[in-house]
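Below: the structure, in structure tokens.
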Amino acid sequence: MKHEMVFGLHAVEALLNRAPERIKELWLLKGREDERLQGVADLAAGFGVRPQLCARKVLDEKAGSSQHQGVVVRCVAEPTKGEHELDALLDGLETPFLLVLDGVTDPHNLGACLRSADAAGVHGVIVPKDRSVGMTGVVRKVAVGAAESVPLFQVTNLARTLRHLQERGVWLVGAAGEATHTLYDSKLVGPVAITMGAEGKGLRRLTREVCDELIAIPMAGAVSSLNVSVATGICLFEAVRQRRG
């Protein structure tokens, strides 16, 4: 059975609330006594999980990071979701709202994108298995709980998956700086998958060619592009605005 480390207050709280049965061990920072950590300890106790108190250096080593906010858990790793699970999700949706990330490699960016996806009501996030970051402790920490609520699908062949989405009636909108019309000219209602490119490189050629429509975020300043997580948030919430209207 594969295990993973999850750290950060929001990530651990989300795991305790959604899947406490996965947690095998819980460590808290020794000597830190505040409401947030005590809240985690109380929540864990309700599920029969007893925390162990550790020095900061020990927590740093267990998390592989110093950004753990005083809480680390070892838990049973969630099985990776792929094409089969994506189809099962689509079977249960009338109007899918999806986010596709083509080759995002920075875990901080993926975590921030998951956070925006959760806030926007996205049903699922799709990434390629290769040349892309998957679910990690850093991703979960940055996502502040969204990694437990928004399913992440890792697919073997992204272009093939995108064509499959089209066959299922999903409109593919790709963000590309060279696009001739803007995000605000696009209709993002109905079944849609907003497709974002990698940091600095944008969409790969095959991905760009599969998309039904390419859109650009209008830029008025000297900066020519935005961080992928910022651009993702802008695109998702324009879709939210249109879909609510």
Side-chain angles (χ1 to χ4, degrees), residues 1-82 99 101 103-119 122 124-125 127-154 198-199 227-230 232-233:
M1 187 179 294
K2 187 177 178 182
H3 290 81
E4 64 179 333
M5 295 296 193
V6 175
F7 53 88
L9 286 163
H10 289 286
V12 172
E13 285 172 346
L15 186 60
L16 280 165
N17 281 313
R18 289 180 174 271
E21 71 282 356
R22 289 174 49 203
I23 295 179
K24 298 302 179 185
E25 292 183 275
L26 166 65
W27 298 278
L28 298 178
L29 180 60
K30 188 176 183 178
R32 176 177 165 180
E33 298 177 2
D34 58 32
E35 289 185 12
R36 289 299 302 278
L37 274 193
Q38 188 58 51
V40 170
D42 293 344
L43 186 60
F47 297 112
V49 178
R50 289 188 60 184
Q52 303 171 54
L53 300 180
C54 296
R56 181 175 296 277
K57 183 179 179 182
V58 175
L59 289 184
D60 291 352
E61 291 172 354
K62 290 185 181 299
S65 167
S66 61
Q67 305 301 309
H68 46 68
Q69 298 177 305
V71 56
V72 182
V73 300
R74 182 176 67 87
C75 64
V76 176
E78 190 176 22
T80 302
K81 295 180 178 66
L99 172 63
L101 300 173
V104 170
T105 57
D106 185 331
H108 293 86
N109 280 337
L110 177 56
C113 287
L114 284 169
R115 188 174 182 178
S116 293
D118 175 74
V122 166
V125 177
V127 300
K129 279 183 181 176
D130 297 329
R131 295 183 294 278
S132 174
V133 67
M135 191 60 71
T136 68
V138 173
V139 171
R140 291 185 187 278
K141 197 264 181 180
V142 174
V144 293
E148 316 310 322
S149 61
V150 181
L152 180 72
F153 302 94
Q154 295 180 272
E199 305 96 340
N227 173 279
V228 64
S229 64
V230 174
T232 296

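In what follows, residues are counted from 1 in the order of the sequence shown. Keep in mind it's a predicted model, so treat the numbers as computed, not measured. Side-chain atoms are counted along with the backbone in the values below, which use heavy atoms only and exclude waters and symmetry mates.
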Which pair of non-hydrogen atoms, one from Arg131 and one from Thr105, has the smallest distance, and what is that distance? O-CG2, 3.8 Å
Quick one, Val72 and Glu61 - any side-chain contact, counting heavy atoms below 4.5 Å? no
When rounded to the nearest 0.5 angstrom, what distance separates OG in Ser229 from CG in Asp106? 8.5 Å
Should the heavy atoms of other residues, nucleotides or ligands under 6.0 Å from CD of Glu35 be counted, would the total exceed 12? no
For Gly103 versus Ala198, what's the shortest heavy-atom pair and its separation? O-CB, 3.1 Å
Write down the atom of Phe153, the atom of Gly124, and the distance for their closest heavy-atom approach. CE1-CA, 4.0 Å
Is any side-chain heavy atom of Lys81 less than 4.5 Å from a side-chain heavy atom of Leu152? no
Return the CD to NZ distance between Gln52 and Lys30, rounded to the nearest 0.5 Å. 12.5 Å
Arg36, CZ: over 12 other non-hydrogen atoms inside 6.0 angstrom: yes
I want to check something: taking the side chain as every heavy atom from C-beta on, are Arg74 and Lys62 in contact at a cut-off of under 4.5 Å? no
Side chain to side chain, Thr232 and Leu101, heavy atoms closer than 4.5 Å: yes
Just by distance, do the side chain of Ser149 and the backbone of Ala146 share a donor-acceptor pair under 3.5 Å? yes
Could you check Val76 against Lys2 for side chain to side chain contact (heavy atoms under 4.5 Å, CB included), going step by step and ending with a plain yes or no? CA-CA 6 Å; Val76 176; Lys2 187 177 178 182; over 6 Å; no
When rounded to the nearest 0.5 angstrom, what distance separates NE2 in His68 from CG in Leu28? 11.0 Å
Between Arg18, Arg140, His10, which is the residue that forms a side chain to side chain donor-acceptor pair (under 3.5 Å) with Glu148? Arg140
CG of Asp60 to SG of Cys54, rounded to nearest 0.5 Å, is 11.0 Å
Could you tell me whether the side chain of Ile23 reaches within less than 4.5 Å of the side chain of Leu16, counting heavy atoms only? yes
Side-chain contact, heavy-atom cut-off 4.5 Å: Met5 with Glu25? no
When Val71 is tested against each of Leu29, Leu26, Val6 for side-chain contact (heavy atoms from CB on, under 4.5 Å), which residue passes? Leu26
Could you go through Val139 and Leu114, starting from their C-alpha distance and side-chain angles, then the distance that decides it, and tell me whether this counts as side chain to side chain contact (heavy atoms under 4.5 Å, CB included)? CA-CA 9 Å; Val139 171; Leu114 284 169; 3.7 Å; yes
I'd like to check Cys75 versus Leu15 (side-chain heavy atoms, cut-off strictly below 4.5 Å). Are they in contact? yes
Distance from Met135 atom CE to Leu110 atom CG, nearest 0.5 Å? 6.5 Å
Nearest atoms (heavy-atom pairs only) where Ser65 meets Gln67: OG-N, 2.9 Å
Heavy-atom closest pair, residues Val138 and Pro107: CG1-CB, 3.9 Å
Taking all atoms of both residues into account, what is the closest heavy-atom pair of Leu59 and Trp27, and its distance? CD2-CB, 3.5 Å
